[in-house]
Visitor: 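Take a look at this one; I'll ask things after.
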Amino acid sequence: MIELRHLTKTYGEPPRTTTVLDRLDLTVPAGSITAVVGPSGAGKSTLAQCVTLLTRPTSGSVLVGGQDLTRLGADRLREARRRIGTIFQSDGLQTRRTAAQNVELPLRYLGVVTRDRRRRVGELLERVGLAGLADRYPHELSGGQRQRVGIARALALRPGVLLSDEATSGLDPQATASITGLLRELRDDLGLAILFITHEMDTVVDVADAVARLEHGRIVEAAPLLDVLRDPASPVGAALLPRRGVGDARGLAVWEVHYRGDDVPADWLAATSRELGRDLSLLGASVGTVAGRTVGHATVGVPGSVDPAVLTAALDRRGLHAQAPAPSRELDLV
Ligand SMILES: Nc1ncnc2c1ncn2[C@@H]1O[C@H](COP(=O)(O)OP(=O)(O)OP(=O)(O)O)[C@@H](O)[C@H]1O
């Protein structure tokens, strides 16, 4: 488990201090992935550096497995850092060493004997799906495979938590999906607490159990992924499932419909149209599956003759939250 309590980082001397992290509280339980998202300059990299204490926070605590790293002396801090595996955008592999030799490095530094090292490296490469590529050099591997080697190396010392700082940025969608799939497996099989820092919203939907939005060094929104996706008012939810513009409304009233329930029937639009005796038109939609639940929203064109209260009730019964248009609402094409 990772617990950040009142984490604050300022640079410079008063009165010209810049506060980069501002009394930030965040908990990532064991066996879960929390994504931290935020615009450029929000403090994401600084947060990553403070979690490992590569940058020392000005105040506040960083607890890993219940131990406050900010209170440890140099030797004990070095030991405690072994419980944090880190993966970054750049895989950081040594180019003159093979995949196996890269994974072996942390074990070597720790003085693990050769036979145990070999066994562990074999397990780790198998774990990340690279058992057959142990003797390849980094330049003989794809970006996704190199990142897998980096993950195997991060796991070498059996950490309880994993810190991922833009680890999938720069990878193509297929490689990204394979890395997020691996992270989910590690979460489940090893019970890791994973702090996943990213600016890629698509990846968040794929990997996170919870999302925290960082702005100006503060967490301004934090909730389980499913909750933000089901909350029509959530800025993170809107960013994760953006409206991509809607079709021609041709005189229809434009309604926003949010998936809220667990059992929204796939034929809700046709069924609601039948019930009302009026055709509802699908103008746009962003719908997907997260943790086995359907989430998202649709933009629906509604004939003027439909009673808004009747439509709202019909959609509500199907697990959908409907938002009627404001009287003079213009279509905002994103
Ligand atoms: N050593 C430093 N001294 C002063 N200010 C700093 C220092 N390091 C970072 N900052 C400032 O802290 C703020 C947050 O930077 P940080 O790199 O953590 O943001 P970020 O969210 O990771 O951005 P990006 O997504 O662009 O990498 C920025 O305004 C930056 O200028």
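In this text the structure is predicted, and so the values were computed from the model without any measurement.
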Visitor: Could you walk me through whether R81 and T86 pass side chain to side chain contact (heavy atoms under 4.5 Å, CB included), step by step?
Guide: CA-CA 10 Å; R81 279 201 184 113; T86 48; over 6 Å; no

Visitor: Using side-chain heavy atoms (C-beta onward) and a distance below 4.5 Å, is I194 in contact with V28?
Guide: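 SC-SC contact between I194 and V28 ruled out.
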
Visitor: Do D202 and L240 touch side chain to side chain, with heavy atoms closer than 4.5 Å?
Guide: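 D202 vs L240: side chains apart.
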
Visitor: Can E140 and R146 be said to form a salt bridge (charged side-chain N to carboxylate O under 4.0 Å, His left out), step by step?
Guide: CA-CA 9 Å; E140 298 171 320; R146 284 199 296 274; over 6 Å; no

Visitor: Remaining members of V20's ILVMFWY cluster at a side-chain heavy-atom cut-off under 4.5 Å?
Guide: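 Direct or chained contacts put V20 with Y11.
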
Visitor: Between R120 and R115, is there a donor-acceptor pair closer than 3.5 Å when you use the side chain of the first and the backbone of the second?
Guide: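 Answer holds: no.
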
Visitor: Could you pull out all residues at least two apart from H258 that satisfy ring pair (Phe, Tyr, Trp, His ring centres under 6.0 Å)?
Guide: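 Ring pair (Phe, Tyr, Trp, His ring centres under 6.0 Å) check on H258 returns H297.
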
Visitor: My understanding is that only residues two or more places apart in sequence, or in another chain, count here; which of them pass salt bridge (charged side-chain N to carboxylate O under 4.0 Å, His left out) with D135?
Guide: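 By the salt bridge (charged side-chain N to carboxylate O under 4.0 Å, His left out) rule, D135 matches no residue at all.
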
Visitor: Mind checking salt bridge (charged side-chain N to carboxylate O under 4.0 Å, His left out) for R278 and listing every partner two or more places apart, or none if nothing turns up?
Guide: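 None.
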
Visitor: Is the closest side-chain heavy-atom distance between I219 and D25 below 4.5 Å?
Guide: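 The answer is no; the side chains never approach within 4.5 Å.
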
Visitor: According to side-chain hydrogen bond (donor to acceptor under 3.5 Å, both in side chains), does anything in residues 38-48 pair up with another residue at least two apart or in another chain? List the pairs.
Guide: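 Listed once each, the pairs would be none.
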
Visitor: Between D231 and R260, does at least one N-O distance fall below 4.0 Å, as a salt bridge requires?
Guide: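 Looking at R260 together with D231, the answer is no, because their closest N to O distance does not fall below 4.0 Å.
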
Visitor: Run the numbers on D279 and R274 for salt bridge (charged side-chain N to carboxylate O under 4.0 Å, His left out), then give the verdict.
Guide: CA-CA 8 Å; D279 285 339; R274 271 198 306 276; over 6 Å; no

Visitor: I'd like to check the side-chain contact (heavy atoms from CB on, under 4.5 Å) partners of A210; sequence neighbours left out, ordered by chain and number.
Guide: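 Applying side-chain contact (heavy atoms from CB on, under 4.5 Å) to A210 gives T34.
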
Visitor: Side chains of R83 and Q67: donor-acceptor distance under 3.5 Å anywhere?
Guide: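 On atom types as modelled, these side chains qualify, holding a pair under 3.5 Å.
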
Visitor: I'd like to know if R127 and E185 make a salt bridge, using a cut-off of under 4.0 Å between side-chain N and carboxylate O.
Guide: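 Yes, charged N to carboxylate O under 4.0 Å.
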
